[in-house]
Trainee: 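Structure incoming, see below.
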Amino acid sequence: MIQNCTNLVHSNLWLMFNRLTPLGLRSSCCTHARTTKIIPQINKIHKTSQFQTRSMLSSTSALAQTVTVTCVRHSHKRCFQSFPLNYRFCDAARNSLLSNSTIFKLKTKANSNRSRNGMGTFTTRAVAQPLKNADELIDSVETFIFDCDGVIWKGDKLIEGVPETLDMLRSKGKRLVFVTNNSTKSRKQYGKKFETLGLNVSEEEIFASSFAAAAYLKSIDFPKDKKVYVIGEDGILKELELAGYQYLGGPEDGGKKIELKPGFLMEHDENVGAVVVGFDRYFNYYKIQYGTLCIRENPGCLFIATNRDAVTHLTDAQEWAGGGSMVGAISGSTQREPLVVGKPSTFMMDYLANKFGISKSQICMVGDRLDTDILFGQNGGCKTLLVLSGVTTLPMLQSPNNSIQPDFYTNKISDFLSLKAAAV
């Protein structure tokens, strides 16, 4: 079943096998120095055989295409590999699989069927198309979900044309919902920001990840006699308070320091049943240690993240380190992965669909981030529109290293107005 593997051990090819193949399906058979311990199990090697792999990423359910991977190393024989795997295709953007000496030819073809051997298909989405007919998209959905930072505003500056665009959509009877991963404000506080910017948006239309954290605790019947330790800002505290949960931490712990002296033992509340981590401008070592102790030492303590965004828009001048940096610190010290309630997790999408009775196929998600906004929409089975007014640029979207493709892209949401006029 396993033939000579010597030609498969090029460093980049080995990296692909090592990342894509589950440990239980690797075996020891090759004498090469780099693969004497484990190599992927090879199902078949044949000049004309091509096999498909399966992506475990649920976001690829719509507009599916099949990707067949053929690898060629200089003049050596072609090798075709079938990978039973638990692998997210979006991770391919972080894998260095292509090199001068190893070529991976990706052959795509439309395919909605699953193979009979149970392997399934390795799927990705069709290449994003520029939005040319705004009316067609608008008429095809009932609800628009908008991200905020980079779509509606940047920092405290409203993006041009937003008020007119929202008014036009409302005049057409569309439901508008605003979802943000920024947990520094509560829904009520975000309502005031919309009002300050001259936008008429009700609190019921706003869903921040601060609210999502409290809503998740409610959804699992988190005991009211347990406490929540917050690494984050005021928005999380206010939402927890409205939900009736006891909490500690937050900005109050921002000024606390640890005096490291011989024999010092840091105390923590053993009644903390969940640690919620969000964006925190007052992040410090005290919070890291306190959260770590709760998660590692309190039986059953939950580790919840509002989001894992790498960057955020605190001002319109540059990008700033996002909530993912705080979550990463706690994940590193606890060796635990958090439960993420913000985008691209489907929790908020499911919550919105249930609350408003929305069919997900009748929703269009509009955002400026591929790995949060667009993936959020795809995970929920919605239409997706990327705007280039925030984090993502056109070269980033069209990069061969990017595997996340929205249905459409355009410069900013006010293009709904100009493209509508052009269509008429």
Side-chain angles (χ1 to χ4, degrees), residues 56-59 88 145 177 179-188 190 203-204 206-250 268-280 287 290-309 323-324 326-328 330-331 333-358 360 372 375-377 379-381:
M56 301 300 290
L57 181 62
S58 62
S59 66
R88 295 176 304 155
I145 298 179
V177 178
V179 176
T180 175
N181 265 358
N182 192 327
S183 62
T184 59
K185 294 180 175 65
S186 64
R187 293 206 291 175
K188 187 173 183 178
Y190 269 114
E203 187 177 323
E204 291 296 308
I206 304 168
F207 293 86
S209 61
S210 54
F211 171 78
Y216 175 76
L217 292 173
K218 267 191 167 184
S219 73
I220 62 170
D221 294 324
F222 183 75
K224 291 294 180 73
D225 60 343
K226 287 287 187 179
K227 298 177 184 178
V228 180
Y229 183 69
V230 177
I231 299 175
E233 299 193 13
D234 195 47
I236 300 174
L237 303 185
K238 288 187 179 301
E239 293 293 356
L240 289 174
E241 186 175 355
L242 287 172
Y245 291 113
Q246 305 175 65
Y247 61 82
L248 60 155
H268 74 282
D269 193 328
E270 296 180 356
N271 205 33
V272 170
V275 174
V276 175
V277 184
F279 179 76
D280 190 344
K287 294 183 179 184
Y290 201 101
T292 298
L293 289 172
C294 292
I295 293 170
R296 294 182 66 172
E297 298 187 10
N298 291 2
C301 184
L302 303 175
F303 176 18
I304 299 170
T306 60
N307 67 84
R308 301 191 81 161
D309 293 357
M326 293 83 190
V327 175
I330 305 301
S331 182
S333 62
T334 61
Q335 294 297 289
R336 288 262 303 273
E337 288 298 309
L339 187 149
V340 181
V341 294
K343 298 173 293 186
S345 164
T346 60
F347 174 75
M348 278 202 287
M349 184 68 75
D350 294 338
Y351 184 93
L352 289 169
N354 292 332
K355 178 178 176 61
F356 294 116
I358 310 171
K360 294 177 184 178
T372 54
L375 204 53
F376 175 64
N379 285 343

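Side chains included, hydrogens not; waters and symmetry mates left out as well; all remaining heavy atoms used.
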Trainee: Looking only at heavy atoms, which two atoms of Gly323 and Phe279 are closest? And how far apart?
Mentor: N-CD1, 3.8 Å
Trainee: How far does CD1 of Ile304 sit from CD1 of Ile220, to the nearest 0.5 angstrom?
Mentor: 6.0 Å
Trainee: Minimum heavy-atom separation for Glu204 to Lys355, with atom names?
Mentor: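 What the structure gives for the nearest pair is OE1-NZ, 3.1 Å.
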Trainee: Taking C-beta and beyond as the side chain, do Leu248 and Val272 meet within less than 4.5 Å on heavy atoms?
Mentor: yes
Trainee: Output all residues satisfying ring pair (Phe, Tyr, Trp, His ring centres under 6.0 Å) with Tyr247, sequence neighbours left out; order by chain, then residue number.
Mentor: none
Trainee: Do Val275 and Asn298 have side chains that approach each other closer than 4.5 Å (heavy atoms only, starting at C-beta)?
Mentor: no
Trainee: Less than 4.5 Å apart, any side-chain heavy atom of Ser331 and any of Arg308?
Mentor: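 Yes. Closest side-chain heavy atoms under 4.5 Å.
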Trainee: Hey, is CD on Glu297 packed in by over 12 heavy atoms from elsewhere, all under 6.0 Å?
Mentor: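 Enclosed: over 12 neighbouring heavy atoms sit under 6.0 Å from CD of Glu297.
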Trainee: Which atoms form the tightest heavy-atom contact between Ser209 and Asn307, and what is the distance?
Mentor: OG-ND2, 4.1 Å
Trainee: For Lys227, give me all partners under salt bridge (charged side-chain N to carboxylate O under 4.0 Å, His left out), at least two apart in sequence or on another chain.
Mentor: Asp269
Trainee: Taking atom NZ of Lys343 and atom OG1 of Thr180, what is their separation to the nearest 0.5 Å?
Mentor: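 It is 5.5 Å, given to the nearest 0.5 Å.
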Trainee: Rounded to the nearest 0.5 Å, what separates atom OH in Tyr216 from atom CZ in Phe222?
Mentor: 10.5 Å
Trainee: Working to the nearest 0.5 Å, report the span between CD of Gln335 and CD1 of Ile295.
Mentor: 12.0 Å
Trainee: Can you confirm whether more than 12 heavy atoms, excluding those of Lys188, are under 6.0 Å from its NZ atom?
Mentor: no
Trainee: Which residue is it: Ile330, Ile236, Thr306? I am looking for the one with a side chain to side chain contact (heavy atoms under 4.5 Å, CB included) to Ile231.
Mentor: Ile330
Trainee: If you define the side chain from C-beta out and look only at heavy atoms, does anything of Lys226 sit under 4.5 Å from Asn271?
Mentor: yes
Trainee: Could you check if a side-chain atom of His268 sits within less than 4.5 angstrom of a side-chain atom of Tyr229, using non-hydrogen atoms only?
Mentor: no
Trainee: With rounding to the nearest 0.5 angstrom, report the SG to CZ distance, Cys301 to Arg296.
Mentor: 12.5 Å
Trainee: Which heavy-atom pair separates Ala208 from Asn182 by the least distance, and what is that distance?
Mentor: CB-O, 3.9 Å
Trainee: Can you sort out the partners of Glu233 under salt bridge (charged side-chain N to carboxylate O under 4.0 Å, His left out), two or more places apart, ordered by chain and number?
Mentor: Arg281
Trainee: Are the ring centres of Phe211 and Tyr351 closer than 6.0 Å?
Mentor: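 Judged by ring-centre distance (under 6.0 Å), Phe211 and Tyr351 do meet the cut-off.
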Trainee: Tell me if the NZ atom of Lys218 is crowded by more than 12 foreign heavy atoms within 6.0 Å.
Mentor: no
Trainee: If I take atom CG from residue Leu375 and atom OG1 from residue Thr372, how far apart are they, to the nearest 0.5 angstrom?
Mentor: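 Here the rounded value is 8.5 Å.
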Trainee: Answer yes or no: is there a side-chain heavy-atom contact under 4.5 Å between Val340 and Phe347?
Mentor: no
Trainee: How far apart are the closest heavy atoms of Met349 and Gly377, and which atoms are they?
Mentor: CE-CA, 4.2 Å
Trainee: Would you mind reporting whether Leu339 and Leu302 have side-chain heavy atoms less than 4.5 Å apart?
Mentor: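 A side-chain contact is absent here, since even the closest heavy-atom pair is not under 4.5 Å.
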Trainee: Any sub-3.5 Å donor-acceptor pair from Glu239's side-chain atoms to Arg187's backbone N or O?
Mentor: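 Yes, Glu239 side chain to Arg187 backbone: donor-acceptor pair under 3.5 Å.
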Trainee: Working note: Val341 + Val276, criterion side-chain contact (heavy atoms from CB on, under 4.5 Å); need CA distance, chi angles, decisive distance, verdict.
Mentor: CA-CA 10 Å; Val341 294; Val276 175; over 6 Å; no
Trainee: Would you name the heavy atoms of Asp280 and Gly232 that are closest together and state the gap between them?
Mentor: OD2-N, 3.1 Å
